[in-house]
Novice: 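This structure is in structure tokens; I'll ask about it shortly.
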There are 2 protein chains.
Amino acid sequence: MARAGLTAERLTQAAADLADEVGVENVTVAALARQFGVKDASLYFHLRNAHDLRVRIALLALAELADRVAEALAGRAGKDALVAFANAYRDYARRHPGRYAAMQIDLDPETAAASAGIRHAEMTRAILRGYRLSEPDQTDAVRMMHSTFHGFVSLERTGGFRHTPRPTDESWARALDALDAVLSNWPSR
Amino acid sequence: MARAGLTAERLTQAAADLADEVGVENVTVAALARQFGVKDASLYFHLRNAHDLRVRIALLALAELADRVAEALAGRAGKDALVAFANAYRDYARRHPGRYAAMQIDLDPETAAASAGIRHAEMTRAILRGYRLSEPDQTDAVRMMHSTFHGFVSLERTGGFRHTPRPTDESWARALDALDAVLSNWPSR
DNA sequence: GTAGTAGCCTAGCTCTCCTAGGCAAACGAT
DNA sequence: ATCGTTTGCCTAGGAGAGCTAGGCTACTAC
């Protein structure tokens with residue numbers, strides 16, 4: 001019998017692709033094993049359990065997204081950087097709905113600390129250099145930006161905007177204009 | 001044998017409470033049946049399937065949230081209304097994490113159209129009357145507001161803000177200030 | 001009081017998750 | 001080359017979830 005050559009990395013990659021196709025909630029150990037022509041029990045040699053598999057997808061997605069954003073951000077500043085960041089973020093979420101959804105699962109603190117989530121925070125702060133905000137305004141602004149991006153993408157995906165005909169691309173562009181405006185003139189106390 | 005007196009409504013209510021305690025993903029037909037001292041098969045007389053149960057929780061939550069928001073909004077206008085809406089929204093999400101999570105599941109279009117989601121959209125538009133925005137700016141502003149609220153609450157819940165010590169209440173207040181500022185001076189083209 | 005329906009039951013299937021223990025392929029050392 | 005040793009996948013099987021089919025019993029209407 002030839003071996004399938006499984007590794008945690010290959011499994012995670014395949015699981016992430018599967019998530020994009022059928023949704024994270026349908027990423028099961030059994031389905032993944034089937035894709036490799038292997039019995040489900042065999043995967044437990046490489047994975048702790050089903051939850052572990054989903055966490056791995058989340059970490060993969062966080063790292064991938066951080067890469068895309070870093071690339072988009074290179075050499076840009078100010079509103080240009082803001083828009084590039086935002087579009088890279090939204091693009092990734094739309095191209096990889098399953099990966100994006102996986103990113104939303106609760107990571108326990110130490111896993112989260114070791115994840116690429118930290119890079120996101122750093123890059124978001126980098127954007128704000130163009131807007132000259134000091135603490136604690138900077139943190140507040142980072143949180144608002146992230147909220148807007150995540151909220152918009154998430155509502156768009158679950159169909160929260162469907163009841164109005166207005167193209168979401170337009171609303172997205174205006175939201176970025178609005179963010180730029182408010183960051184340029186942050187209402188500090 | 002005495003009957004348990006099950007109805008779809010009672011089941012949904014109990015399921016929603018269960019969701020708040022253990023998370024939507026752990027709301028199972030079997031667990032719900034156990035709470036009523038009944039066999040799981042019995043619930044299929046009142047529910048189509050497990051997904052149907054979750055949809056019912058989502059619809060219940062949407063209606064409840066719309067009620068809270070409507071109450072909070074009564075007699076207020078302008079920034080006052082904005083803050084009241086936002087706080088009612090965030091409060092509900094924090095008090096009822098399971099219900100809130102259930103609200104995020106994809107509803108098929110006709111179910112969504114019949115849901116209280118519509119009331120949310122109407123109330124959000126009502127707030128904007130204080131800011132004198134006309135279409136399509138109004139739709140864009142509604143979408144941005146909703147994105148900010150949902151994004152913030154959702155990130156707060158999944159621990160997305162944990163890596164910075166700044167109290168989230170402060171950031172929330174500043175985000176509302178920022179929203180008020182940008183709505184007061186919406187950057188239309 | 002009896003017919004009919006509504007409400008809950010048991011039995012049983014499929015699927016997923018996961019553990020324990022077995023066997024064979026790959027590999028390093030002699 | 002061959003002989004352990006490790007590594008990788010296997011079979012077997014149990015627990016629990018989802019769901020269906022069909023049976024029995026408590027109410028309800030007449």
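Just so we're clear, the structure is a prediction, and the values are computed from it rather than from any experiment. Below, chain A is the first sequence line, B the second, and so on; all start at residue 1.
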Novice: Indicate whether OP1 or OP2 belonging to D:dA17 is found under 4.0 Å from a side-chain N or O atom of B:R34.
Specialist: yes
Novice: Tell me whether the side-chain N/O atoms of B:T28 come closer than 4.0 Å to OP1 or OP2 in D:dG16.
Specialist: no
Novice: Does B:R95 pair with B:D20 as a salt bridge, N-O distance under 4.0 Å?
Specialist: no
Novice: Where do A:D40 and A:V29 come nearest, in terms of heavy atoms and distance?
Specialist: O-CG1, 3.9 Å
Novice: How far apart are the closest heavy atoms of A:R157 and A:A101, and which atoms are they?
Specialist: NH2-CB, 4.4 Å
Novice: When the distance from CZ of B:F36 to P of C:dG7 is rounded to whole Å, what number comes out?
Specialist: 14 Å
Novice: Take atom CZ of A:R48 and atom C1' of C:dT19, then tell me their distance rounded to the nearest Å.
Specialist: 16 Å
Novice: Pull out every residue in residues 39-46 of chain A that has a heavy atom closer than 4.0 Å to any atom of DNA chain C, ordered by number, or say none.
Specialist: A:D40, A:A41, A:Y44
Novice: Report the distance from atom CD of B:Q35 to atom C1' of D:dA17, rounded to the nearest whole Å.
Specialist: 16 Å
Novice: To the nearest angstrom, how far is B:E9 atom CD from C:dG7 atom P?
Specialist: 12 Å
Novice: Taking side chain as C-beta onward, heavy atoms only, is B:R166 less than 4.5 Å from A:E135?
Specialist: no
Novice: Between C1' on D:dG18 and CD on B:E25, what's the gap in Å once rounded to a whole number?
Specialist: 17 Å
Novice: Side chains of A:H150 and B:S154: do they bring a donor and an acceptor to under 3.5 Å?
Specialist: yes
Novice: Can you tell me how far C1' of D:dA17 sits from CZ of B:R54, to the nearest Å?
Specialist: 10 Å
Novice: Rounded to whole Å, please give me the gap between NE2 in A:H51 and C1' in C:dC18.
Specialist: 16 Å
Novice: Rounded to the nearest 0.5 Å, what's the gap from CG on A:L43 to CG on A:L11? Could you check?
Specialist: 5.5 Å
Novice: In whole Å, I'd like the distance from the CG atom of A:N49 to the P atom of D:dG16.
Specialist: 17 Å
